[in-house]
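Below is one structure, written out as structure tokens; comments come after it.
None of these values were measured; they are calculated from a predicted model.
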Amino acid sequence: MTSAFYVAENEAITASLIADDKKRLQALPQYFGDRHMLRTEMQIYHFLDLLAADYKGGFWNYYSLSNGGFYMAPVSPAELNCVWTDNYFEGRMSADAAGITACLFAINMMANVTFEDRFSELFYQLREYAFSHPEAALIIRAID
């Protein structure tokens with residue numbers, strides 16, 4: 001298979017924390033492009049605000065995925081009560097799962113407004129990772 005999204009069946013997609021300050025500064029332009037990095041970042045925060053009323057802001061971790069994808073998630077030990085009324089979803093998620101969900105919403109929106117392939121690719125790469133996440137059922141229900 002020649003798709004950019006193909007990962008061998010026995011290869012798990014892994015997430016790696018981007019901890020180095022210099023690499024963190026380069027992450028948003030690398031994945032979202034100079035032109036759209038701020039808008040995409042703001043949309044991710046906005047979607048989490050809409051999804052989780054009990055989210056009150058804070059530091060976010062950035063993650064690169066072994067399939068070329070990316071996501072960001074707030075740092076919080078507490079689960080977030082998440083509600084998405086458009087599809088009748090309600091559930092408690094870790095901050096990591098809620099961040100993935102917010103990124104999927106925002107990246108999908110950016111794909112639809114920019115028509116740039118990078119956002120479609122990022123969406124499918126992150127969705128593939130979400131399928132293997134411990135909270136996959138919640139994430140998929142939330143974005144369905």
Side-chain angles (χ1 to χ4, degrees), residues 1-20 23-24 26-33 35-144:
M1 182 175 261
T2 59
S3 171
F5 310 116
Y6 175 74
V7 176
E9 286 182 35
N10 59 353
E11 255 184 76
I13 300 168
T14 58
S16 299
L17 177 66
I18 302 172
D20 178 83
K23 288 181 181 176
R24 276 182 61 87
Q26 297 167 346
L28 296 182
Q30 174 187 344
Y31 291 102
F32 304 140
R35 183 172 177 204
H36 299 298
M37 67 179 188
L38 293 177
R39 182 176 184 190
T40 308
E41 180 185 31
M42 298 284 61
Q43 288 300 320
I44 292 168
Y45 299 147
H46 175 69
F47 275 106
L48 189 60
D49 284 339
L50 294 174
L51 181 66
D54 51 349
Y55 171 70
K56 302 297 182 210
F59 186 79
W60 288 57
N61 281 329
Y62 293 176
Y63 297 91
S64 61
L65 302 178
S66 60
N67 66 354
F70 170 84
Y71 78 96
M72 44 194 280
V75 176
S76 174
E79 286 188 329
L80 298 170
N81 185 41
C82 297
V83 175
W84 197 256
T85 57
D86 290 349
N87 66 2
Y88 306 100
F89 170 78
E90 185 170 348
R92 294 195 60 76
M93 293 182 172
S94 67
D96 189 63
I100 291 170
T101 304
C103 286
L104 285 166
F105 280 134
I107 292 167
N108 183 58
M109 187 224 47
M110 291 300 294
N112 286 305
V113 299
T114 68
F115 301 103
E116 289 186 16
D117 289 342
R118 84 168 67 232
F119 291 105
S120 295
E121 291 172 12
L122 285 168
F123 176 83
Y124 288 113
Q125 289 163 331
L126 180 53
R127 190 183 71 164
E128 286 301 313
Y129 173 71
F131 286 149
S132 66
H133 192 275
E135 295 171 82
L138 286 169
I139 296 167
I140 301 309
R141 278 182 40 226
I143 66 167
D144 185 26

If every non-hydrogen atom of [X] is compared with every non-hydrogen atom of [Y], which pair is closest and at what distance?
{"X": "Ile13", "Y": "Ser132", "value": "O-OG, 4.3 Å"}
{"X": "Pro74", "Y": "Tyr55", "value": "CB-CE1, 3.8 Å"}
{"X": "Leu138", "Y": "Phe89", "value": "O-CE1, 3.6 Å"}

Rounded distance (nearest 0.5 Å) linking atom [atom1] of [X] with atom [atom2] of [Y]:
{"X": "Arg141", "Y": "Tyr88", "atom1": "CZ", "atom2": "OH", "value": "14.5 Å"}
{"X": "Asp144", "Y": "Asn87", "atom1": "CG", "atom2": "CG", "value": "6.5 Å"}
{"X": "Asn67", "Y": "Gln125", "atom1": "CG", "atom2": "CD", "value": "5.0 Å"}
{"X": "Cys82", "Y": "Asp54", "atom1": "SG", "atom2": "CG", "value": "7.0 Å"}

Quick one: side chains of residues 36-52, donor-acceptor pairs under 3.5 Å with protein atoms, not counting sequence neighbours, listed by atom name and distance.
unit_1 : atom_1 : unit_2 : atom_2 : d
His36  : NE2    : Glu116 : OE2    : 2.9
Thr40  : OG1    : His36  : O      : 2.7
Glu41  : OE2    : Tyr45  : OH     : 2.7

Quiz: residues 95-110 side-chain donor-acceptor pairs under 3.5 angstrom, not counting sequence neighbours:
unit_1 : atom_1 : unit_2 : atom_2 : d
Asp96  : OD1    : Tyr71  : OH     : 2.7
Asp96  : OD2    : Tyr71  : OH     : 3.3
Asp96  : OD2    : His133 : NE2    : 2.7
Thr101 : OG1    : Ala97  : O      : 2.9

By ring-ring contact (aromatic ring centres under 6.0 Å, His included), Phe131 pairs with (sequence neighbours left out) none
With Phe70 via ring-ring contact (aromatic ring centres under 6.0 Å, His included) - residues at least two apart: Tyr31, Phe32, Tyr62
Identify, with sequence neighbours excluded, every residue that meets salt bridge (Lys or Arg N to Asp or Glu O under 4.0 Å) alongside Glu79. Arg92
Set of residues satisfying salt bridge (Lys or Arg N to Asp or Glu O under 4.0 Å) with respect to Glu90, sequence neighbours excluded: none
Quick test of your reading: applying salt bridge (charged side-chain N to carboxylate O under 4.0 Å, His left out), list the pairs with at least one residue in residues 61-74, sequence neighbours left out, ordered by first then second residue. none
Contacts of [X] that satisfy side chain to side chain donor-acceptor pair (under 3.5 Å) - sequence neighbours left out:
{"X": "Glu135", "answer": "Ser94"}
{"X": "Arg24", "answer": "none"}
{"X": "Trp84", "answer": "none"}

Who pairs with Thr14 by side chain to side chain contact (heavy atoms under 4.5 Å, CB included), at least two apart in sequence or on another chain? Ser66
Once side chain to side chain contact (heavy atoms under 4.5 Å, CB included) is applied, do any residues pair with Asp117, and if so which ones, sequence neighbours excluded? Glu121
